[in-house]
Amino acid sequence: LSSHSTKKKKKKKKKETFFRDQKMNIAHTVFGVFGNATALFLFLAPSITFKRIIKNKSTEQFSGIPYPMTLLNCLLSAWYGLPFVSKDNTLVSTINGTGAVIETVYVLIFLFYAPKKEKAKIFGVFTVVLAVFATVALVSLFALHGNARKLFCGIAATVFSIIMYASPLSIMRLVIKTKSVEYMPFFLSLFVFLCGTSWFIYGLIGRDPFVAIPNGFGCALGTLQLILYVIYCGNKGEKSAEKDDKSLEMKGEEKKQNVVNGKQQEQQV
């Protein structure tokens, strides 16, 4: 009887474990799909900025650094998600492969419209990005195998994911300095938060620190960006205000000049 009851308990435990694992797998997939959707919106969010750049034929004060850095993150993350590097991360590869294509287009547009100094800077970063990815891919493919390959690629992806998320810090500094969110698009900040949060949860469920850690950082940074947006969204910014004051002064001077000219003409008549 005791052996029979023990078998029943073991079967019950196996069933509970099976159903728990199934639930976790479903949750893992759901957050992965949601992560794909939010990441796609994140990649497409700068299209509004690039429409403005193309229309004005100038990059203005927009920073070009986030785009090559995001490209590097996409390339390394897509590589990490491949089956021969890490298992059960196909969703990581699909969205990051798509993101790599989109970010390449952004970098090329930025290079076309950027001034010479900025163009040289972004082209240099772009070259470094391609060199870093090529190095990681070749070393992991030919020199490493199994867990060593996963560890190497995971660390590389984590480091550059954190750098990617940190790249808008310069824009955040500009927002605080000018008290204006003109150069920090709302949708970009929103989808940084949503994307970071969904992939953070995905990484926790899958017990993958190489996905959870950088996206946890992204979630926190996205939250800070949204807080800044709430604080400064109603402000035109110091520079804009100065421009408006100058334009009003110029208009006032023009009116005065017109009055003087009118009086002179009357006197001559």
Side-chain angles (χ1 to χ4, degrees), residues 39 42-79 96-139 155-192 195-196 214 217-218 220-222 224-225 228-229 232 237-240 242-243:
L42 176 61
F43 295 141
L44 294 175
S47 60
I48 299 168
T49 300
F50 280 91
K51 280 182 183 178
R52 175 172 167 174
I53 288 171
I54 293 167
K55 184 181 178 181
N56 297 336
K57 295 181 180 180
S58 170
T59 56
E60 301 177 39
Q61 289 188 52
F62 290 109
S63 174
I65 297 295
Y67 307 109
M69 295 312 300
T70 304
L71 173 61
L72 180 57
N73 172 62
C74 288
L75 291 170
L76 291 172
S77 296
W79 185 261
N96 282 287
T98 305
V101 175
I102 295 170
E103 295 301 325
T104 301
V105 173
Y106 290 155
V107 171
L108 294 176
I109 292 172
F110 200 94
L111 285 171
F112 186 79
Y113 288 107
K116 285 184 179 179
K117 189 176 179 181
E118 187 71 10
K119 190 177 290 187
K121 178 183 173 183
I122 300 304
F123 184 75
V125 175
F126 182 55
T127 304
V128 171
V129 162
L130 296 179
V132 169
F133 172 68
T135 302
V136 171
L138 291 172
V139 169
I155 290 172
T158 299
V159 169
F160 288 102
S161 289
I162 291 172
I163 292 171
M164 178 207 73
Y165 278 124
S167 59
L169 286 172
S170 59
I171 295 298
M172 291 170 70
R173 186 174 61 184
L174 182 65
V175 168
I176 295 168
K177 185 179 179 182
T178 62
K179 297 180 181 179
S180 170
V181 293
E182 184 181 2
Y183 297 103
M184 190 179 74
F186 171 74
F187 285 108
L188 190 59
S189 301
L190 175 63
F191 287 113
V192 164
C195 184
F217 181 79
L221 197 66
L224 288 176
Q225 288 182 32
L228 284 177
Y229 202 92
Y232 296 116
E238 291 175 359
K239 290 186 178 179
S240 298
E242 284 175 8
K243 285 181 181 178

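Keep in mind that what you see is a predicted model, and the values were worked out from it rather than measured. Start at 1 with the first residue, then count along the sequence.
Here the side chains of F112 and I109 are not in contact, with every heavy-atom distance at 4.5 Å or above. Looking at heavy atoms from C-beta onward, M172 lies in side-chain contact with L221 at the 4.5 angstrom threshold. Counting heavy atoms from C-beta outward, F186 and V181 have side chains that stay 4.5 Å or more apart. Two residues are said to be in side-chain contact when any heavy atoms from C-beta on lie closer than 4.5 Å; Q61 and L174 meet this criterion. A heavy-atom distance below 4.5 Å is found between the side chains of T59 and P115. Proximity of N96 to L75: side-chain heavy atoms (C-beta onward) are nowhere separated by under 4.5 Å. Using a 4.5 Å heavy-atom cutoff, the side chains of V132 and F160 are in contact. Residues L42 and L190 fail the side-chain proximity criterion, which asks for heavy atoms closer than 4.5 Å.
The CD1 atom of I53 lies 13.5 Å from the NZ atom of K55; values are rounded to the nearest 0.5 Å. To the nearest 0.5 Å, the span separating OG on S63 from CE on M69 amounts to 11.0 Å. Atom CZ of F62 sits about 8.5 Å away from atom CD1 of I171, to the nearest 0.5 Å. In this structure, the separation between CG on L111 and NZ on K121 is 12.5 Å, given to the nearest 0.5 Å. Note that CD1 of I163 is 7.5 Å distant from CG of L72, once rounded to the nearest 0.5 Å. How far CD1 of I155 is from CG of L76: 12.5 Å, rounded to the nearest 0.5 Å.
A donor-acceptor pair is defined here as one N or O able to donate and one able to accept, closer than 3.5 Å; such a pair exists between the side chain of Y106 and the backbone of F43.
When all heavy atoms are compared, the tightest approach of S189 to Q225 is OG-OE1, 2.9 Å. Shown here for E103 and C74, the closest heavy-atom pair between the two residues is CG-SG, 4.5 Å. The two residues V125 and I65 have their closest heavy-atom pair at CG2-CD1, 4.0 Å. Nearest heavy-atom pair, L71 versus A100, reported as atom, atom and distance to 0.1 Å: CD1-O, 3.3 Å.
The local environment of OH in Y113 is crowded, with over 12 non-hydrogen atoms from other residues, nucleotides or ligands closer than 6.0 Å.
Checked against a 6.0 Å centroid threshold, the rings of F110 and F126 do not count as neighbours.
Note on ring orientation: taking the six-membered ring where Trp is involved, the planes of F133 and W79 are perpendicular (angle over 60°, cut-offs 30° and 60°).
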